[in-house]
Visitor: 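To start, I am sharing the structure in question, which I have written as structure tokens.
In what follows, residues are counted from 1 in the order of the sequence shown. Counting convention: from 1, in listed order, for ligands and their atoms alike.
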Amino acid sequence: MTTIVWLRDDLRIADNPALRAAVDRGSDVIPVYLLDEVSPGIRPLGGASRWWLHQSLADLGARLADLGSPLVLRRGAAATVIPELVAETGADAVMWNRRYGGAEREIDTALKASLREEGVVAESHAASLLFEPWTIRTGSGTPYSVFTPFWRACRAEPAPREPLAAPREITGPAARVASDDLDSWELEPTRPDWAGGLRESWTPGEESAAGRLLAFLDDDLGDYDDGRDTPSADVTSRLSPHLRFGEISPHQIWHEAIHRSGSAKFLSELGWREFAWHVLFHFPDLATKNWRSEFDAFPWPPLDDDALAAWQQGRTGYPMVDAGMRELWHTGIMHNRVRMIVASFLMKNLLIDWREGEQWFWDTLVDADTAANAFNWQWVAGSGADAAPYFRVFNPELQAKKFDPQGAYITHWVPEYASDSLTPPAEPIVDLGESRRAALAAYDRVKRAP
Ligand code: FAD
């Protein structure tokens, strides 16, 4: 017997239900990763995610080879490549962990049906969410649209299952299966190589993720509730890119954290991740369409390319916004509080459509996540599920006073804003009061929408 394990957003060996099931079958196991840049609906990865994926695959490949079965890399659509691999290797089973995006589900469902028609065992497993999206419903059977009752309903469910142990060894196929060379995928930037800041900031991979979790729980959990909104405090877990690529599972985090005192707030943030994915499951167009359709009436002015570029490059003249955008460009991450501030500024001071911001984050964040990114952009826009009301416009100057009172975060990322700097800071590109009034006037159209 030979089982193909098709790995996707689950680049780990421990707590990997599909891999575990394949090993437990007692068969030879061929782990495979496909780079699918052709299937309709598959969103191409952003630049920062491509960089991360390269490192993560290199790490996973080495670990799988050590355990006995090297990772096979192939390029193309699963609908073609998986059946080809089945024929090539004589595999009698294919297993994978579920994905929840619309296009991905269509691909997986069709593949499962066609494999089964050919007499191949095809099995999907639950791995990346604590609760399957179709299991959490309101009393009247509809999906939740508000977080608090959603999370209450989740917490009333039986506890998420315990993490599965990593296999100690994996029997590979008798004959070597041909694999692409990872470098030939050109996932890493070369000309120019802009990934220096990412390399300085991150170590992708399963081992690094597990170490991060323990370091966070031991050193920072106690300060999390009070410090999580202070960008310079560095007390959040920084697990988001590891979770995005499935180098760690929410089950592993849950069971490691649940018995520690003071973990409720942190675990409820994992709850927001669940909520974003459940919303996406029920509304697959979350990255392109307003979840609340009355926002379709919002009169976005023609795109101001210069203003968008100033925002992207951290040249708006507002220190908190510029610091956040430069942190993002340099490290591939941005503190959550600052994400809210820069998103509000783009939409409600520059009057630029949230989809432009979502796209920029998609390209530059190492944790760019199909659900969480779109969900949170719509949350700040006011158009999303359980969203902040539109008229809540974050004032970047007041936010800086409140959350960066000593200016530690700002001067780290934009030293020219330090009081003793010789470089004059940029002039503000927009007046906060006037632009806010214009945004609220534009929002009147949404309020009047039928
Ligand atoms: P912690 O505070 O340690 O939280 C633990 C985990 O909970 C995170 O790793 C993450 O998986 C989850 N989480 C925390 N907050 C949220 C949230 N608001 N929504 C969903 N999950 C959450 N998060 C992403 O993972 N990917 C994105 O693409 C993304 N885009 C965002 C865009 C905007 C405009 C905003 C306002 C937020 C976005 N977030 C996104 C949510 C949040 O900013 C990050 O999850 C968080 O900053 C990651 O840092 P951390 O791992 O230290 O978080």
Side-chain angles (χ1 to χ4, degrees), residues 9 43 45-46 48-49 52 128-130 147 150-151 201-202 209 212-213 215-217 219-221 223-231 233-250 252-254 256-257 262-280 286-287 311 321 324-325 327-328 331-348 352 354-388 392 394 399:
D9 300 323
R43 191 174 186 186
L45 290 178
S49 299
W52 190 288
S128 71
L129 294 177
L130 297 168
F147 175 73
F150 165 81
W151 193 230
S201 313
W202 299 102
R212 188 88 276 286
L213 173 64
F216 164 73
L217 292 176
D219 304 341
D220 298 322
L221 183 62
D223 298 322
Y224 185 79
D225 286 14
D226 290 342
R228 59 182 288 275
D229 266 324
T230 307
D234 196 20
V235 295
T236 67
S237 71
R238 292 169 69 90
L239 282 168
S240 52
H242 299 290
L243 269 164
R244 149 69 185 90
F245 286 92
E247 297 168 355
I248 194 165
S249 76
Q252 292 170 303
I253 299 177
W254 181 273
E256 202 56 59
S263 63
K265 179 72 196 154
F266 171 64
L267 289 175
S268 82
E269 295 305 322
L270 272 192
W272 278 98
R273 175 179 178 273
E274 294 280 315
F275 188 46
W277 274 102
H278 287 219
V279 168
L280 179 87
L286 194 63
W311 177 81
V321 175
M325 299 310 291
E327 179 187 23
L328 172 61
T331 66
I333 204 85
M334 191 194 300
H335 187 276
N336 181 59
R337 165 66 38 186
V338 192
R339 291 189 205 204
M340 294 194 277
I341 298 169
V342 303
S344 168
F345 185 81
L346 182 78
M347 294 184 274
K348 301 176 187 179
I352 292 179
W354 62 264
R355 281 158 278 234
E356 294 290 339
E358 195 275 345
Q359 180 59 45
W360 180 253
F361 270 31
W362 179 258
D363 199 24
T364 52
L365 277 173
V366 284
D367 69 11
D369 178 280
T370 314
N373 196 33
F375 174 93
N376 280 288
W377 273 94
Q378 294 223 40
W379 186 89
V380 184
S383 61
D386 201 7
R392 182 167 169 214
F394 287 75
Q399 291 281 317

Visitor: Any Lys/Arg nitrogen of R337 or D229 sitting under 4.0 Å from an Asp/Glu carboxylate oxygen of the other?
Guide: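 Looking at R337 and D229, the cut-off is met.
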Visitor: Does T236 have any side-chain contact (heavy atoms from CB on, under 4.5 Å) partners at least two apart in sequence or in another chain, and if so, which?
Guide: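 side-chain contact (heavy atoms from CB on, under 4.5 Å) list for T236, sorted by chain: Y224, R228, R238, H335.
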Visitor: Under the rule for side-chain hydrogen bond (donor to acceptor under 3.5 Å, both in side chains), what residues qualify as partners of E356, not counting sequence neighbours?
Guide: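 Counting only residues at least two positions away or on another chain, E356 forms no side-chain hydrogen bond (donor to acceptor under 3.5 Å, both in side chains).
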Visitor: In this structure, is the centre-to-centre distance between the rings of F275 and W151 below 6.0 Å?
Guide: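 No.
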Visitor: Between ligand 1 and the protein, which N/O pairs are shorter than 3.5 Å?
Guide:
unit_1	atom_1	unit_2	atom_2	d
ligand 1	2 (O)	Y224	OH	2.5
ligand 1	3 (O)	S237	N	2.8
ligand 1	3 (O)	S237	OG	2.6
ligand 1	7 (O)	E269	O	3.4
ligand 1	9 (O)	S240	N	3.2
ligand 1	13 (N)	E269	O	3.4
ligand 1	15 (N)	E269	OE1	3.2
ligand 1	18 (N)	N376	OD1	3.1
ligand 1	19 (N)	N376	ND2	3.0
ligand 1	21 (N)	R273	N	3.4
ligand 1	26 (N)	D367	O	2.8
ligand 1	26 (N)	D367	OD1	3.4
ligand 1	28 (O)	D367	O	3.4
ligand 1	28 (O)	D369	N	3.1
ligand 1	30 (N)	R339	NH1	3.4
ligand 1	30 (N)	N373	OD1	3.1
ligand 1	39 (N)	R339	NH1	3.4
ligand 1	43 (O)	N336	OD1	2.7
ligand 1	43 (O)	R339	NE	3.2
ligand 1	51 (O)	S237	OG	3.4
ligand 1	51 (O)	R238	N	3.4
ligand 1	51 (O)	L239	N	3.1
ligand 1	51 (O)	S240	N	3.1
ligand 1	52 (O)	T236	OG1	2.6
ligand 1	52 (O)	S237	N	3.2
ligand 1	52 (O)	R238	N	2.7

Visitor: A287: what forms a side-chain contact (heavy atoms from CB on, under 4.5 Å) with it, not counting sequence neighbours?
Guide: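 Checked A287 against side-chain contact (heavy atoms from CB on, under 4.5 Å); matches are R43, E358, A374.
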Visitor: Between K265 and E269, does at least one N-O distance fall below 4.0 Å, as a salt bridge requires?
Guide: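 Salt bridge present between K265 and E269.
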